[in-house]
Amino acid sequence: MNEQISQSDINQAGHLTIGGCDAVELANEFGTPLVVYDVNKIKSQIEHFQEVFKNNDVDYAVCYASKAFANTAMYQLVDSMNCHIDVVSAGEMSMALHAGFPASKMTFHGNNKSLAELQMAVDNGIGVIALDNFHEIDLLEQVLAKSNAEIEVMLRITPGISAHTHEYIQTGQVDSKFGFDLESGEAERALQTVLKHSRMHLIGIHAHIGSQIFELNGFEMAANKLVELAADWKQRFNYQAKVIDVGGGFGIRYTDEDKPLKPEQFVDTIIKTIKQASQDHGLDTPAVWIEPGRSIVGPAGYNLYTIGSRKDVEGIRSYVSVDGGMGDNIRPALYDAKYEAVVANRPADEIVEHVHIAGKYCESGDILIQDQPLPKTQPGDVLVMLDTGAYGYAMASNYNLNPKPAIVFVDNGKATLVTRRETPADLERLDYGLDGK
Ligand SMILES: *Cc1c(COP(=O)(O)O)cnc(C)c1O
């Protein structure tokens, strides 16, 4: 049996349960492919983060990086948990506002925010803009002047730290599209520019060194660098950073090759590093902000599929196909991301073979899992892919004009449809046809 599953996850019918709900019944009731989130897992990870801050007695914000997974229910859930959020587009801002999420607890990120997006942020009283480049500072100044408004900002710094992770998801090294470079003096020029703009109130400094990081070391280095920078700016510009935001990137377990620390252990080390370094430099301890995305939603998410056709390539391998694939989870095709799966209606059956789990999309690269150990399966079985909650539905597409799946939140045995499945009509809703409008 998969080591992520325990006997208590299997009910009397011999089916896998998710958040107290029978996974086979979920598939029957809501159809497949289906995205399921266990609400308790989301809540408890947020609580673990919050506890570690309280135990270390620092001011803090847990800012959920909503690009990892956003829908109206998720914004409402994280609001109920007293989180802040990161948003990176007008779309995320708009959905969060629509969900009733307080604008004051949003941080707006991105390396190419448009004038319209900045205007929207200012008009709606978004809490903090994480400034990324000089062009954006100019645009924001224009918006603020025109609107006679003021806003809090942070400076996103590229600290020149390369975290050990897949290269497509590194953002902290010098060669990055994000942020003001530290070594070249760009960051310092950004500070001087922002301090001249009286409508921008600089609350602190930000760095995000990458994603799916397993080593503490990169975070310690980044935390130390940010405090050193704060100390330098205090001394030379009499600027006192109130917030140090270390971003997210805490690695999670996808397969038994991953051996991550608990996400809150990363945060514990980061906080202690910042406290110590602040003390060493004679600074007041700043508030510490974190921006976890994957670690909050990744392990809480499950993708359910129905098994269909099978192809046995004599002497080479077998392909077992499911009714979803790269349209609902592009990470295996995009990043060579690895996952594990369990057959929901026979989770404890003896493993008899290793097969490739193939998606239904017209790309040879649409293989969700390579060499997945499986019991004997047949068409109609329900396959559950584990840990799919981050950057799965968030990156979903309509490739091959497949509709996006429905999303169900399960909470202590209760299943709630929070996003409906797309229909062919949804796919046609933007089209005027050959005759145009
Ligand atoms: C993507 C991103 C995050 C979240 O990263 P995870 O790996 O999902 O924790 C946090 N902060 C910023 C600025 C990001 O771009």
Side-chain angles (χ1 to χ4, degrees), residues 37 42 45-46 48-49 60-70 74 78 83-89 92-93 96 105-113 126-133 136 153-159 161-173 176-180 204-216 218-219 222-223 226 243-254 258 260-267 270 288-301 329 331 334-335 337 387-395:
Y37 283 91
I42 295 174
Q45 187 54 58
I46 292 172
H48 290 318
F49 283 132
Y60 71 94
V62 175
C63 313
Y64 168 60
S66 70
K67 70 175 195 257
F69 165 63
M74 184 62 192
V78 289
C83 287
H84 289 217
I85 52 168
D86 282 2
V87 292
V88 296
S89 68
E92 286 184 359
M93 223 184 317
K105 293 203 277 183
M106 296 185 198
T107 301
F108 185 22
H109 275 281
N111 66 304
N112 192 24
K113 305 175 189 80
I126 297 305
V128 182
I129 310 281
L131 294 171
D132 187 277
N133 56 76
E136 176 181 330
V153 298
M154 283 191 303
L155 285 178
R156 178 167 185 169
I157 305 298
T158 318
I161 289 156
S162 98
H164 288 252
T165 182
H166 194 288
E167 69 172 321
Y168 292 119
I169 35 186
Q170 274 186 12
T171 50
Q173 74 279 35
S176 162
K177 74 168 182 173
F178 293 108
F180 295 100
I205 350 178
H206 170 280
H208 171 71
I209 59 168
S211 207
Q212 186 62 356
I213 296 170
F214 289 103
E215 283 113 49
L216 275 175
F219 289 112
L226 289 174
V243 174
I244 289 197
D245 185 333
V246 295
F250 317 121
I252 63 164
R253 182 197 186 287
Y254 284 100
D258 303 327
L261 296 173
K262 292 202 173 96
E264 55 275 19
Q265 288 177 287
F266 289 104
V267 178
I270 289 167
V288 178
W289 289 18
I290 58 168
E291 303 174 323
R294 186 191 313 274
S295 51
I296 288 179
V297 284
N329 186 0
R331 295 187 68 256
L334 185 65
Y335 299 140
D387 308 297
T388 55
Y391 308 103
Y393 187 89
M395 289 193 186

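Just follow the structure's listing: the first ligand is 1, and inside any ligand the first atom is 1.
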Practice problem: Using a strict cut-off of under 4.0 Å between a residue heavy atom and any atom of ligand 1, list the qualifying protein residues by chain and number. | Solution: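 Correct list: Ala65, Lys67, Asp86, His109, Arg156, His206, His208, Ser211, Gly248, Gly249, Glu291, Pro292, Gly293, Arg294, Tyr391.
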Quiz item: In chain order, what residues pass the ring-ring contact (aromatic ring centres under 6.0 Å, His included) check against Phe69, with sequence neighbours excluded?
Solution: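 Counting only residues at least two positions away or on another chain, Phe69 forms a ring-ring contact (aromatic ring centres under 6.0 Å, His included) with Tyr37.
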Quiz prompt | Non-neighbouring partners of Phe219 that pass ring-ring contact (aromatic ring centres under 6.0 Å, His included), sequence neighbours left out | solution =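 Applying ring-ring contact (aromatic ring centres under 6.0 Å, His included) to Phe219 gives Phe250, Phe266.
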Self-check item: Audit row: Ile296, Ile46, side-chain contact (heavy atoms from CB on, under 4.5 Å) steps and yes/no
Solution: CA-CA 7 Å; Ile296 288 179; Ile46 292 172; 3.9 Å; yes
Practice problem: Would you confirm whether Glu291, through its side chain, and Tyr64, through its main-chain N or O, come within 3.5 Å as a donor-acceptor pair? | Solution: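 Answer holds: no.
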Exercise. Step through it carefully: locate the ring centre of His109, locate the ring centre of His206, and say whether they are under 6.0 Å apart.
Key: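 Judged by ring-centre distance (under 6.0 Å), His109 and His206 do meet the cut-off.
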Quiz item: Which residues pass the side-chain contact (heavy atoms from CB on, under 4.5 Å) test with Asn111, sequence neighbours left out?
Solution: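 Listed in chain order: Asp132, Lys177, Phe178.
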